[in-house]
Novice: 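Okay, handing you the structure first.
Counting begins at 1 with the first residue of the sequence.
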Amino acid sequence: MKLKIKTNFDFGKLSNKMPTIINDYLSGYARGTETGSKQNIDNGLADIKDSTKKWRRSKGYPEHPPLKASGKMYNSIKADKNKLKILDYGKWHDEGKVPTTKARPFIGSTKENEKIIDDKFNKDIDQFLSK
């Protein structure tokens with residue numbers, strides 16, 4: 001007896017496209033994290049100390065929002081291909097490694113962006129898996 005099996009998917013085709021699909025996903029996540037991180041700063045984080053406000057006034061910087069005194073760190077937040085780039089001290093603030101202040105977690109994507117890139121990822125998998 002002979003069995004004939006037909007499939008409607010092709011793992012080889014998907015395998016060839018996976019590096020591109022993954023890179024597209026990571027690039028989308030990096031862009032969303034750039035936008036989300038800046039939104040998190042703009043929308044406000046834990047308030048800063050009075051001494052920091054005083055220092056900012058003395059330098060001509062705005063008192064609010066936290067993490068946006070000169071704008072240097074804020075403006076350094078950039079998606080570069082499939083990576084997020086930021087000045088080192090931005091990551092230190094996010095993780096709480098600045099000795100004079102508590103952690104201010106701000107690095108992150110938006111929920112809307114996560115849904116968009118997840119949906120695109122799933123669509124790409126389906127597209128390249130089918131024959």
Novice: Hydrophobic clustering (ILVMFWY, side-chain heavy atoms < 4.5 Å, transitive) - are L45 and I48 grouped together?
Specialist: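 Looking at the clustering, L45 is in a separate group from I48.
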Novice: Can you name the nearest heavy-atom pair linking P105 to D94, along with the distance?
Specialist: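 The pair with the smallest heavy-atom distance is CA-OD1, 3.1 Å.
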Novice: Flag the pair K115 and D119 as a salt bridge only when some basic side-chain nitrogen lies within less than 4.0 angstrom of an acidic carboxylate oxygen.
Specialist: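 Salt bridge flag = yes for D119 with K115.
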Novice: So, for D47 and R104, which heavy atoms are closest and what is the spacing to 0.1 Å?
Specialist: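 Closest pair (atom of D47, atom of R104, distance): O-NH2, 2.9 Å.
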Novice: Might you point out which heavy atoms bring L87 and S76 nearest each other, and give the distance in Å?
Specialist: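 Looking at all heavy atoms of both residues, the shortest contact is N-OG, 3.0 Å.
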Novice: Find out if a path of hydrophobic residues (ILVMFWY) with successive side-chain heavy-atom gaps under 4.5 Å connects M73 to Y61.
Specialist: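 M73 does not cluster with Y61.
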Novice: So do L84 and E34 actually touch side chain to side chain, heavy atoms under 4.5 Å?
Specialist: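 Yes, close enough: below the 4.5 Å cut-off.
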Novice: Quick one: do I116 and I21 end up in the same hydrophobic cluster if we chain Ile, Leu, Val, Met, Phe, Trp and Tyr together by side-chain heavy atoms under 4.5 Å apart?
Specialist: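 Per the 4.5 Å side-chain linkage, I116 and I21 are not co-clustered.
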Novice: Quick one: does S109's side chain have a donor or acceptor within less than 3.5 Å of a partner on Y29's backbone?
Specialist: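 Not a single qualifying donor-acceptor pair exists.
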Novice: Restricting to non-hydrogen atoms, name the atom on P62 and the atom on A69 that form the minimum distance, rounded to 0.1 Å.
Specialist: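 In terms of heavy atoms, the two residues are closest at CD-O, 3.6 Å.
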Novice: Mark yes or no for whether S27, through its side chain, and K81, through its backbone, hold a donor-acceptor pair below 3.5 Å.
Specialist: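 Yes; at least one donor-acceptor contact below 3.5 Å.
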Novice: Just by distance, with hydrogens left out, do D42 and Y74 show a side-chain donor and acceptor under 3.5 Å apart?
Specialist: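 Yes - a donor-acceptor pair under 3.5 Å links their side chains.
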Novice: Compare every heavy atom of K78 with every heavy atom of K38, then report the nearest pair and how far apart it is.
Specialist: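 Scanning both residues completely, I find the closest heavy atoms to be NZ-NZ, 4.1 Å.
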Novice: State whether a side-chain donor-acceptor pair under 3.5 Å links Y25 with D124.
Specialist: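 No.
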Novice: When rounded to the nearest 0.5 angstrom, what distance separates CG in N16 from CZ in F128?
Specialist: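 The distance works out to 10.5 Å.
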Novice: Can you tell me how far apart NZ (K91) and NZ (K97) are? Round to the nearest 0.5 Å.
Specialist: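 So the gap between those two atoms works out to 5.5 Å.
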Novice: Measure across L67 and F106 and return the closest heavy-atom pair with its distance rounded to 0.1 Å.
Specialist: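 Looking at all heavy atoms of both residues, the closest pair is CD1-CD2, 3.4 Å.
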Novice: Could you grab the distance from atom CD1 of I77 to atom CG of N75, nearest 0.5 Å is fine?
Specialist: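 Between I77 CD1 and N75 CG, I get 8.5 Å after rounding to 0.5 Å.
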Novice: Please determine whether residues V98 and W55 belong to a single hydrophobic cluster, defined as Ile, Leu, Val, Met, Phe, Trp and Tyr linked transitively by side-chain heavy-atom distances below 4.5 Å.
Specialist: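 No; W55 is not reachable from V98 via cluster members.
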Novice: So for atom NZ, which belongs to K68, do other residues, nucleotides or ligands contribute more than 12 heavy atoms lying within a distance under 6.0 Å?
Specialist: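 Counting neighbours around NZ of K68, more than 12 heavy atoms of other residues, nucleotides or ligands fall under 6.0 Å, so yes.
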Novice: Are T35 and N113 close enough that some pair of their side-chain heavy atoms sits under 4.5 Å apart?
Specialist: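 Not in contact.
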Novice: Which distance, rounded to the nearest 0.5 Å, do you find between the OG1 of T33 and the NZ of K83?
Specialist: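 Answer for the OG1-NZ pair, T33 versus K83, is 14.5 Å.
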Novice: Does the pair H64 and K53 meet the rule for a side chain to side chain contact (heavy atoms under 4.5 Å, CB included), with working shown?
Specialist: CA-CA 8 Å; H64 293 284; K53 289 178 185 178; 4.0 Å; yes
Novice: Once you round to the nearest 0.5 Å, how far does CD1 of I117 lie from CG of L26?
Specialist: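 Going from CD1 on I117 over to CG on L26, the span is 8.5 Å.
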Novice: Quick check for you: to the nearest 0.5 Å, what is the distance between N23 atom CG and M18 atom CE?
Specialist: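 Taking CG in N23 and CE in M18, the distance rounds to 11.5 Å.
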